[in-house]
Amino acid sequence: MLIVYLSTTGNIRKFVKDAKIEKSIELSYFNPLTEVNEDYVLIIPSIDDEITDVISEFIDYKNNLTYLQAVVGSGNTTFGEDGYCYNAVQISLKYSKPLIHKFEHSGTDIDIRIFKEEVQKIEVARATKEG
C-alpha cells in the first residue's frame with residue numbers, strides 16, 4: 001500500500017526508510033497539493049497547529065480523501081497525553097479515518113512491526129471487500 005508522509009524534522013522519513021516501505025510519497029510542507037489516485041496510509045508529525053491545516057490541504061485536494069485509508073502519528077511524549085500526536089488525532093477525527101498507530105520520534109523496531117501489521121490488516125480487509 002502507498003504510504004504518504006510529511007517529515008518536517010526527518011523523523012518520519014527515517015521511519016519510512018527503516019520500515020523499508022516500497023511505495024511512498026513525501027509531501028512538501030510548503031506545497032502539499034499532490035494528487036494521489038490509490039489507497040494510502042498517511043503518516044504525519046505533531047509539530048504545531050499548522051500541520052493540521054497543511055495536511056487538510058493535501059487531503060482536500062482533488063480526490064485524495066477518497067483514497068485515504070488510515071492515519072499514523074509521530075510525536076513526542078514530552079508534550080503530554082493531549083499533545084502527543086495531536087495533529088494525527090485531529091486529522092483522524094476530522095475525516096473519520098482510523099488512527100492506527102502512534103510512535104515517538106522516528107519509532108522503534110516494535111513500532112515498525114505494529115505499523116506493518118496494521119497496514120496489512122487494511123490490505124486484507126480491502127482485498128476481502130473487493131474479492
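Bear in mind that the values here come from a model prediction, so they are computed numbers and not experimental data.
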Sequence neighbours excluded, every pair satisfying ring-ring contact (aromatic ring centres under 6.0 Å, His included) that has a member inside residues 22-47: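 Pairs touching residues 22-47 that pass the test: Tyr40-Phe58.
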Salt bridge (Lys or Arg N to Asp or Glu O under 4.0 Å) involving [X] - partner list, sequence neighbours excluded:
X      : result
Lys116 : none
Lys94  : none
Asp48  : none
Glu117 : Arg113

Any residue meeting ring-ring contact (aromatic ring centres under 6.0 Å, His included) with Phe115, in chain and number order, not counting sequence neighbours: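 Counting only residues at least two positions away or on another chain, Phe115 forms a ring-ring contact (aromatic ring centres under 6.0 Å, His included) with Phe15.
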All ring-ring contact (aromatic ring centres under 6.0 Å, His included) counterparts of Tyr86, not counting sequence neighbours: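 If we apply the ring-ring contact (aromatic ring centres under 6.0 Å, His included) test to Tyr86, skipping adjacent residues, there are no hits.
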Determine which pairs satisfy salt bridge (Lys or Arg N to Asp or Glu O under 4.0 Å) with at least one residue from [range], sequence neighbours left out, and list them in order.
range           : result
residues 5-20   : Arg13-Glu26, Lys14-Asp18
residues 56-77  : Glu35-Lys62
residues 96-112 : none

For Tyr61, the rest of its hydrophobic cluster, which grows through side-chain links under 4.5 angstrom: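 Same cluster as Tyr61: Leu33.
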Residues which pass side chain to side chain donor-acceptor pair (under 3.5 Å) with Asp39, listed by chain and number, not counting sequence neighbours: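 Partners of Asp39 under the side chain to side chain donor-acceptor pair (under 3.5 Å) test: Gln69, Arg126.
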Distance-only side-chain donor-acceptor flag, Ser74 / Asn11, under 3.5 Å: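 No, because no side-chain N or O of Ser74 sits under 3.5 Å from a partner of the opposite role on Asn11.
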